[in-house]
Number of protein chains: 2
Amino acid sequence: MTRWLDDDEQGAWRTFLAASQLVQEELDRQLQRDSGMPHAYYAVLVKLSEAPDRMLRMSELAAEVNSSQSRLSHAVARLEERGWVRRERCAADKRVSWAVLTDEGFAVLAAAAPGHVEAVRQSFFDLLDPEQLHRLTEICAVLLKRAAP
Amino acid sequence: MTRWLDDDEQGAWRTFLAASQLVQEELDRQLQRDSGMPHAYYAVLVKLSEAPDRMLRMSELAAEVNSSQSRLSHAVARLEERGWVRRERCAADKRVSWAVLTDEGFAVLAAAAPGHVEAVRQSFFDLLDPEQLHRLTEICAVLLKRAAP
DNA sequence: TCCCGATACTTGAGAGTTCAAGTAAACTGG
DNA sequence: CCAGTTTACTTGAACTCTCAAGTATCGGGA
């Protein structure tokens with residue numbers, strides 16, 4: 001007894017998918033082109049830059065950027081190769097490792113941010129009036145809420 | 001003179017990104033787990049199944065599924081290996097090739113669809129009331145519109 | 001104390017995506 | 001009519017992501 005989608009639902013679903021894909025791809029392309037990193041890596045640098053002492057445990061960082069541990073581990077490995085992030089073993093619990101944003105990583109982020117913010121405005125904020133923005137955020141929060149448990 | 005995001009804007013942006021990533025990842029995982037294909041491949045099968053004679057030119061198909069030609073070319077190559085899609089050179093214009101959904105491909109799609117639709121309901125429709133759905137669609141349409149030129 | 005099951009993270013292989021470059025056919029102006 | 005451009009698609013290499021399996025460490029009970 002499949003509850004198939006009617007035409008309106010089809011349209012709604014495809015519009016949502018297309019819009020979110022479009023925005024993400026644009027932003028990803030912009031960062032790759034102008035700063036040589038995918039959006040996922042940028043998110044890692046941002047979260048680290050906002051953390052106390054610019055460092056976070058891998059598992060915490062993974063949660064913050066909505067990434068699997070595996071994905072983050074690979075990502076940090078690449079960022080480490082570039083010298084933008086450094087890993088430190090935790091003395092108290094040797095299983096955990098801290099990801100630390102290096103000064104070079106911070107500088108790269110600082111250089112990337114203005115262009116990225118501008119792109120976000122062009123692909124997102126500049127297209128919506130305050131009312132639409134508010135409603136969209138509310139609705140996205142609903143979609144997210146169920147993810148908690 | 002970067003127009004930085006204020007706190008509300010930060011929140012709105014991160015909520016939108018997180019929600020659209022969450023939904024897409026859930027659906028992608030569901031299809032991979034239950035039907036052994038990523039969402040992008042599923043979309044190809046769907047578009048072909050809806051086309052006259054279940055066939056489409058590669059470039060048209062790419063546009064329909066919001067994919068680059070390169071991505072589609074690789075995707076159709078994989079789908080062809082599995083026998084779900086077949087390629088045919090066009091006699092009138094030998095540059096173009098048609099992607100044709102095979103009977104087996106149609107059967108695979110028919111088998112995958114119910115589970116996928118159910119997942120879409122759980123991750124999306126069941127969480128929104130009709131008012132929210134309508135508004136979200138309207139807003140996504142705005143985000144998309146600019147992509148046309 | 002020793003063992004067993006969590007916990008934290010890493011690793012490797014396989015798959016998909018991207019970008020740039022490559023092929024081939026069709027059009028187009030001199 | 002034929003050089004040069006455009007169009008349609010493919011290919012290969014580099015890179016990211018996923019999934020499953022692996023390593024190391026910690027905590028709690030017998």
Side-chain angles (χ1 to χ4, degrees), chain A residues 21-22 24-45 48 55-82 84-100, chain B residues 21-22 24-45 48 55-82 84-100:
Chain A
Q21 275 169 8
L22 176 69
Q24 295 202 43
E25 278 164 21
E26 280 181 337
L27 276 286
D28 218 41
R29 214 183 335 276
Q30 179 272 325
L31 275 170
Q32 192 70 59
R33 175 169 39 75
D34 298 343
S35 309
M37 66 182 125
H39 185 268
Y41 289 18
Y42 180 83
V44 166
L45 300 186
L48 285 176
M55 63 196 301
L56 280 174
R57 299 170 43 154
M58 290 294 282
S59 48
E60 239 183 296
L61 183 51
E64 290 280 347
V65 300
N66 307 306
S67 163
S68 67
Q69 286 209 140
S70 171
R71 171 149 65 139
L72 180 66
S73 193
H74 285 297
V76 169
R78 300 291 157 276
L79 292 171
E80 207 170 14
E81 285 168 10
R82 304 186 195 182
W84 299 351
V85 169
R86 172 168 41 85
R87 264 188 272 219
E88 270 177 33
R89 308 203 72 65
C90 174
D93 183 341
K94 287 184 199 149
R95 291 170 305 177
V96 340
S97 67
W98 296 83
V100 189
Chain B
Q21 275 169 8
L22 176 69
Q24 297 203 43
E25 279 165 20
E26 280 182 337
L27 277 287
D28 217 41
R29 214 184 333 277
Q30 180 273 326
L31 276 170
Q32 192 69 59
R33 176 169 38 76
D34 298 343
S35 308
M37 67 181 123
H39 185 269
Y41 289 19
Y42 180 83
V44 167
L45 299 187
L48 285 177
M55 62 197 302
L56 240 27
R57 299 172 42 156
M58 291 295 281
S59 48
E60 239 183 296
L61 183 52
E64 290 279 348
V65 300
N66 307 306
S67 164
S68 68
Q69 286 209 140
S70 170
R71 169 145 75 132
L72 180 67
S73 193
H74 285 296
V76 168
R78 299 293 157 275
L79 292 170
E80 207 170 15
E81 285 169 10
R82 303 186 196 181
W84 300 351
V85 169
R86 172 168 41 84
R87 263 187 272 218
E88 270 177 34
R89 307 202 73 64
C90 175
D93 184 341
K94 287 186 199 148
R95 291 170 305 176
V96 340
S97 67
W98 296 83
V100 189

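The sequence lines fix the lettering, A, B, ..., with proteins before strands; numbering per chain opens at 1.
Judged by distance alone, the side chains of A:Q30 and A:D34 do bring a donor and an acceptor atom under 3.5 Å apart.
Rounded to an integer number of Å, the gap from B:E81 CD to C:dG14 C1' is 13 Å. Whole-Å rounding puts the A:R33 CZ to C:dA20 C1' distance at 16 Å. Rounded to whole angstrom, the span from the CG atom of B:N66 across to the P atom of C:dT18 amounts to 12 Å. In this structure, the CG atom of B:L72 is 14 Å from the C1' atom of D:dT11, given to the nearest Å. Atoms CG (B:D34) and C1' (D:dC19) sit 15 Å apart, rounded to a whole Å. Rounded to an integer number of Å, the gap from B:R89 CZ to D:dT10 P is 8 Å. The CD atom of B:E88 sits 19 Å away from the P atom of D:dA8 (whole-angstrom rounding). The distance between atom CG of A:D28 and atom C1' of D:dT16, rounded to the nearest whole Å, is 10 Å.
The CD atom of B:Q69 sits 7.5 Å away from the CE atom of B:M58 when rounded to the nearest 0.5 Å. Between B:S59 atom OG and B:R95 atom CZ the span is 10.0 Å, to the nearest 0.5 Å. Note that CE of B:M55 and CZ of B:R57 are 11.5 Å apart. Values are rounded to the nearest 0.5 Å.
In this structure, the nucleotide among D:dT16, C:dG12, D:dC9 sitting nearest to the side chain of B:Q69 is D:dC9. Here the side chain of A:R29 is nearest to one of C:dG16, D:dT25, C:dC19, namely C:dC19. Residue B:R82 has its side chain nearest to C:dG16 when only C:dC19, D:dC26, C:dG16 are considered.
A:A62 comes within 4.0 angstrom of no nucleic acid atom, judged by non-hydrogen atoms across all strands. Residue contacts for A:A40: at a heavy-atom cut-off of 4.0 Å it reaches the sugar-phosphate backbone alone, with no base atom in range. Residue contacts shown for A:R87 are limited to sugar-phosphate atoms, with no base heavy atom under 4.0 Å away. Among the atoms of the strands shown, none is found under 4.0 Å from any heavy atom of A:A99. Nucleic acid contact class of A:S73 (heavy atoms, under 4.0 Å, all strands): base.
For a distance-only test at 3.5 Å, the side chain of A:H74 qualifies as a donor-acceptor partner of the base of D:dT18. For a distance-only test at 3.5 Å, the side chain of B:S70 fails to qualify as a donor-acceptor partner of the base of D:dT10. The base of D:dT7 lies close enough to the side chain of B:R95 for a donor and an acceptor atom to sit less than 3.5 Å apart.
The residue among A:V96 and B:S67 whose nearest nucleotide of DNA chain C is located toward the 5' end is A:V96. In terms of position along DNA chain D, the nucleotide closest to A:Y41 lies nearer the 5' end than the nucleotide closest to the other residue of the pair A:A91 and A:Y41. Projected onto DNA chain D by closest heavy-atom contact, A:M37 and B:R57 fall at different nucleotides, the more 5' of which corresponds to B:R57.
Taking only side-chain nitrogens and oxygens, A:S68 never comes nearer than 4.0 Å to OP1 or OP2 of D:dC17.
Using modelled atom types, one side-chain atom of A:R89 and one backbone atom of A:K94 make a donor-acceptor pair closer than 3.5 Å. Listed for the A:E80 side chain is a donor-acceptor partner under 3.5 Å among the backbone atoms of A:R87.
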